[in-house]
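In what follows, a single structure is set out as structure tokens and then discussed.
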Amino acid sequence: MDNRGQWESRTSFVLAAIGSAIGLGNIWRFPYICANNGGGAFLVAFLVALATAGIPILIMELSMGHKFQKAASGTMASIKPKFEILGWIVVGIAFIITTYYAAVMSWAFKYLWDAFSLAWGENTSDFFYKDTLGLTSGPLDFGGIKISLLIGLVLTWISIVACIWKGPETVGKVVYATVFIPWIILIILVIRGVTLEGASVGLLYYLKPTFSKLLEGKVWLAAYTQVFFSLSIGFAIMFAYGSYLPKKTELVTNAYIVALGDSLTAFFGGLAVFGALGYLSTQTGTPITELKASGPGLAFVVYPMIINQLPMLNTLFGILFFLMLLTLGIDSAFSLVEGVAAAIRDKFGWSHKATNIGTAAVGFTFGLLFISGAGLYWLDIIDYFMNFFGLALACLIECIVIGWIFKTTNVMKHVNAMPGFKIGKVWEIMIKFVAPVILSALLLTEIIARIKAPYEGYPRAAELMGASVMFVIIPVAAFIMTNAKAKTESETPD
Ligand code: PHE
């Protein structure tokens, strides 16, 4: 297909893929998932997950997209027409994640505005939960929508659509700014975070593994799904990005660069957050293990606190930090939208612009739930189901379909015909055996745990509503697939 567009250069591809991978997942999601799952123990599990599933799957997705020159659903259909539905389920998960991802970005927009006057004051926790979100008593008490977040959400969606207006051409340029700026700011905040009084308490919790924690299945599932979320795999993205790569390209090397850049950023961001948690724990006399359970609000409470503690230029750093969060988030967000939009375009042959605007309009509407007074609860519940079940299952199925049915040897043939690093037996064993066995075991354990008790003590009704999103995606996927059949069949297969 000649009309797919291609990355202008390898650098723009690597930057776009890194840009997709590095996002709120590293600075917002990683710290609280890590804090809630044993700190240092989680880090160990994270590294294992990266080696046994993250990197092998990343290589696989990029290569499959590259080989078939199609987005996720098209690639799956090329393996077996019936599998197209799997591609669409993945697209569905990506779409739902986009809706709450955009909501987190709307918080960041609001905070960017607040940073000009350091409006969060000393009590950054109350400022976030009460003033910013207007958090209600529970997920079934919806409260209202704060106008500032609504404006933030509108701005978020406008920025996303602007970035992907013309596909890879625009993306390739935007990423130069969105990848480098954040790193510089992050380094400064880390330095301040780790030099705060009492920081060592937090850092110790972060860096010293408690091995007994590693016996908990939950910690491992959290680690695997955080790796998937963070590397942007198991969604539709890396297939689409791979499909834009030039004919001859170092597939494996690119994958390593993306994985390394992404994990280092998360690890680094963690240093700042845990340093600040240590500070907080010393100031308030609350043990760190009790502080940790701040969930998705953690970054928005802790970073303003670090910013308050900077010796000078606090306002400037406040502005820079939230600008950073936005630049980090935006390229991930548009990669999510692009993954969804590319699949729709390939299937229905709609124009770039119409698809982007359509996706944004629906995404915005769904996002309203997450900026309501109960938004934080829903974000937590839906994120849990999308990642712990949706994403883990998607990666598991992907390993089976591509590893066993399409066959690893076919992937290897394609990858090893490219320049740069090659893949061999180790990769094959990970995809065919290690990753599927571990993921199945973890999923099973988590399903049993959920049957026994609801997630985080939320009401059962809310939990079931969260879970049902998963089940809605499947019929929608089937509907899209069958309704667009006529079109696909009339096309000449390539
Ligand atoms: N990887 C992104 C992050 O860490 C999130 C994301 C997930 C982006 C899936 C695209 C696809 O924030």
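Remember, it's 1-based here, ligands and their atoms both numbered in the order they're listed.
Residues with a heavy atom under 4.0 Å from ligand 1: S20, A21, G23, L24, G25, N26, Y101, F229, S230, S232, F235, I237, S332, S335, L336.
The distance from atom CG of L326 to atom OG of S106, rounded to the nearest 0.5 Å, is 10.0 Å.
In this structure, F300 has its ring center no closer than 6.0 Å to that of Y32. Checked against a 6.0 Å centroid threshold, the rings of Y303 and Y111 do not count as neighbours. Aromatic rings of F128 and W107 (six-membered ring for Trp) have centroids within the 6.0 Å cut-off, being under it.
Sorted by first and then second residue, the salt bridge (Lys or Arg N to Asp or Glu O under 4.0 Å) pairs with a member in residues 227-243 form an empty list; sequence neighbours excluded.
Of the options R450, E456, E463, a side-chain hydrogen bond (donor to acceptor under 3.5 Å, both in side chains) to Y384 is made by R450 and by none of the others.
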